[in-house]
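These notes are about the structure you will find just below.
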Amino acid sequence: MQKLTRSLLRWYEKKGRRLPWRISPYDLKTGIKPDPYKVWVSEIMLQQTTVSTVIPYFNQFIEEWCNVAQLSKADQNEIISFWAGLGYYSRARNILRSAKEIMDKYQGEIPEEKDKLKSLPGIGEYTASAIRSIGFQKSDITIDGNIERIITRLFRIETPIRFSKKIIQKKAKLIFPKNRTGDFCQGLMDLANIICKPRKPICTECPISSFCESFKEGETDSIPVKVPKKPKPIRKGFVYFVKNNDNKILMERRPDEGLLGGLLAFPSSDWLENEPDLVFPIDAEWSQPFDKIMHEFTHFKLELKVVVGMAGKFHIKKSTYEVFDLHSLDESQLPTLMRKVLRKGKKLANQKI
DNA sequence: AAATCGGGGTC
DNA sequence: GACCCAGATTT
């Protein structure tokens, strides 16, 4: 084993984070085994999502569905509502689909084989490796965005990460140990989070700075090299907050595919780069669209004008509409955009009375 | 290789 | 504001 590897593992034992899905290196040594189910759930939630955001969702998820069998029996809308606020909602549908497939094909046991893992929906190269190394204590080299940053700095790779995946893979082979691969991997993640941060890494406290070529050359600020990003276009539209005499409101479940797929939403127009025409979804007394809601997605900004409608009785035009009681609607089952709409809509509706 | 798919923490 | 986070999947 290399010096770098030993230094990192020792640092991980001392400074590593305690996380709900993680078995500490001490407990691992006593023979306590990780729960592959928890590792799987955590890895799905952690895709492009920070640890601090995931922790409360993870704890509640495990409380609700403590194993594959239980999860497989859950209702899709239940899982999606649970996932609301976490983002990337295809993960919610995929984790349920995977649970069912694991019941059918593998008798409820999460498979260890890489190709079987990767064939499950929502599990790609990284997640399969992570489940194997962390959950099953296999020797898979596991590389995520954090570890890519560490490796490019360690080996002073001066090409942007998206063009240097092959080199990163080769360098990773040089430092990943055959034993305690999961600990090493998680140690790198913790190092990336605590020390080797995207900006202003704390190299004075880094256990492997003596092996770091970027540190040696004073280039930790310029590596990894970042590529300029495209500006986000702005899309516009209307969102309709329609309230009834007995405090019922009109909502809609979005189709599974696409943005906010499967989530509960307020009815809205299309979202286009040119503001669409204002067409009301239902007969009501409509306000002027003065108030705006701003929201930012991964690849566009959204400006929604809120239109409040007061209806006597609902005459439903579309079958996808669902009527909810305003006061018993739990905003926790809404995506963040629709939470904003709910708050604004409530305020505006109150002003009108 | 680029686009799609959320939301929030951090500096 | 810009950047990025234990990425996967489709185009």
Side-chain angles (χ1 to χ4, degrees), chain A residues 16-17 19-22 38-58 80 83-95 97-98 117-135 140-150 160-165 181-194 196-202 221 224-233 235 254-263 265 271 294-302 334-340:
Chain A
R17 294 172 290 184
L19 300 172
W21 49 85
R22 178 181 286 182
K38 289 185 181 176
V39 175
W40 170 45
V41 171
S42 70
E43 288 301 340
I44 299 298
M45 287 187 174
L46 286 162
Q47 288 168 358
Q48 294 294 286
T49 311
T50 54
V51 165
S52 59
T53 302
V54 164
I55 287 176
Y57 280 90
F58 174 83
I80 288 189
W83 214 269
L86 197 52
Y88 289 143
Y89 299 102
S90 64
R91 296 184 293 180
R93 262 170 287 120
N94 285 338
I95 206 169
R97 287 174 54 205
S98 288
L117 285 168
K118 282 181 76 172
S119 77
L120 293 167
I123 298 183
E125 173 63 32
Y126 163 77
T127 305
S129 295
I131 292 172
R132 280 174 53 78
S133 63
I134 300 170
D140 292 49
I141 292 171
T142 307
I143 305 172
D144 75 323
N146 293 297
I147 297 178
E148 284 174 343
R149 181 171 64 253
I150 294 181
I161 285 175
R162 25 189 304 215
F163 304 121
S164 50
K165 303 273 184 186
T181 312
D183 275 355
F184 183 76
C185 163
Q186 294 180 89
L188 285 179
M189 309 254 196
D190 287 7
L191 188 76
N193 179 266
I194 300 167
C196 197
K197 299 178 293 180
R199 284 175 290 186
K200 300 186 178 178
I202 312 169
D221 286 338
V225 174
K226 41 193 145 202
V227 293
K229 290 210 226 165
K230 285 187 179 167
K232 291 181 183 180
R235 294 187 197 170
R254 294 171 64 86
D256 276 355
E257 293 79 32
L259 197 64
L260 306 180
L263 280 130
W271 306 341
M294 310 298 290
H295 192 72
E296 207 162 313
F297 291 105
T298 310
H299 54 290
F300 67 92
K301 296 178 185 178
L302 181 62
L334 301 180
T336 299
L337 168 64
M338 297 302 162
R339 291 179 194 180
K340 293 180 185 174

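Residue numbering restarts at 1 for every chain, and letters A, B, ... go by the order of the sequence lines. Atom set for the values below is all heavy atoms of this structure, side chains included, hydrogens, waters and symmetry mates excluded.
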Salt bridge (charged side-chain N to carboxylate O under 4.0 Å, His left out) against Lys197(A), all qualifying residues, sequence neighbours excluded: none

Between Lys232(A), His295(A), Met294(A), which is the residue that forms a side chain to side chain contact (heavy atoms under 4.5 Å, CB included) with Lys301(A)? Lys232(A)

What is the distance, to the nearest angstrom, from the CD atom on Glu148(A) to the P atom on dG7(C)? 9 Å

Going by the rule salt bridge (charged side-chain N to carboxylate O under 4.0 Å, His left out), which residues pair with Glu125(A) if we only count those two or more places apart in sequence or in a different chain? Lys114(A), Lys118(A)

Quick check against the 3.5 Å criterion: does Arg339(A) have a side-chain atom that pairs as donor or acceptor with the backbone of Leu334(A)? yes

Trp271(A): what forms a ring-ring contact (aromatic ring centres under 6.0 Å, His included) with it, not counting sequence neighbours? none

Which is true for Ile44(A) with a 4.0 Å heavy-atom rule: it touches a base, it touches only sugar-phosphate, or it touches nothing? nothing

note: Lys230(A), atom NZ; dA2(C), atom P; distance rounded to Å ~ 17 Å

Once you round it to whole Å, what is the distance between C1' of dC4(C) and NZ of Lys232(A)? 11 Å

By side chain to side chain contact (heavy atoms under 4.5 Å, CB included), which residues pair with Asn94(A), not counting sequence neighbours? Ser90(A), Arg97(A), Pro121(A)

Counting the atoms with a prime plus P, OP1 and OP2 as sugar-phosphate, which does Arg22(A) contact under 4.0 Å by heavy atoms, base, sugar-phosphate, or nothing? base

Would you mind classifying the nucleic acid contact of Thr298(A) as base, sugar-phosphate or nothing, using non-hydrogen atoms under 4.0 angstrom? base

Whole angstroms only, please: what is the CG-P distance between Leu46(A) and dG7(C)? 8 Å

Nearest heavy atom decides the nucleotide; on that basis, is Glu257(A) or Phe163(A) closer to the 5' end of DNA chain B? Phe163(A)

Which part of the nucleic acid does Trp83(A) contact within heavy-atom distance under 4.0 Å: base, sugar-phosphate only, or nothing? nothing

Ignoring hydrogens and angles, tell me if any N or O in the side chain of Gln47(A) forms a donor-acceptor pair with the backbone of Gly122(A) under 3.5 Å. yes

Mind checking if Val54(A) touches a base, just sugar-phosphate, or nothing, with heavy atoms under 4.0 Å? nothing

Checking Lys165(A) now: which residues fulfil salt bridge (charged side-chain N to carboxylate O under 4.0 Å, His left out) with it, not counting sequence neighbours? Glu148(A)

Please enumerate all residues that pass salt bridge (charged side-chain N to carboxylate O under 4.0 Å, His left out) together with Arg17(A), with sequence neighbours excluded. Asp190(A)

Tell me, please, the opening and closing nucleotides of DNA chain B, 5' to 3', among those with an atom under 4.0 angstrom from a non-hydrogen atom of chain A. dA2(B) to dC11(B)

Could you work out the separation of dT10(C) and dG6(B) based on their P atoms and round it to a whole Å? 14 Å

Would you please name every residue forming a side chain to side chain donor-acceptor pair (under 3.5 Å) with Tyr88(A), sequence neighbours left out? none

Protein-nucleic acid N or O pairs under 3.5 Å, nucleotides 8-11 of chain C:
| from | atom 1 | to | atom 2 | distance (Å) |
| --- | --- | --- | --- | --- |
| dA8(C) | OP1 | Gly124(A) | N | 3.0 |
| dA8(C) | OP1 | Thr127(A) | N | 2.9 |
| dA8(C) | OP1 | Thr127(A) | OG1 | 2.6 |
| dT9(C) | OP1 | Gly122(A) | N | 2.5 |

Can you tell me the distance, in whole Å, between the CD atom of Gln48(A) and the P atom of dC5(C)? 7 Å

Which part of the nucleic acid, if any, lies within contact of Leu19(A), taking any heavy atom under 4.0 Å across all strands shown: a base, the sugar-phosphate backbone alone, or nothing? base

Judged by each residue's nearest nucleotide on DNA chain B, which is more toward the 5′ side, Ser52(A) or Phe300(A)? Phe300(A)

Using atom P of each nucleotide, how far apart are dC11(B) and dA6(C) to the nearest Å? 13 Å

Rounded distance (Å) that lies between atom P of dC3(C) and atom CZ of Arg149(A): 14 Å

Write down the distance between CD1 (Ile143(A)) and C1' (dG7(C)), rounded to a whole number of angstrom. 14 Å

Gap between atoms CZ and C1', on Arg91(A) and dG7(C) respectively (whole Å): 9 Å

May I ask you to say what Lys165(A) touches in the nucleic acid, namely base, sugar-phosphate or nothing, with a heavy-atom cut-off under 4.0 Å? nothing

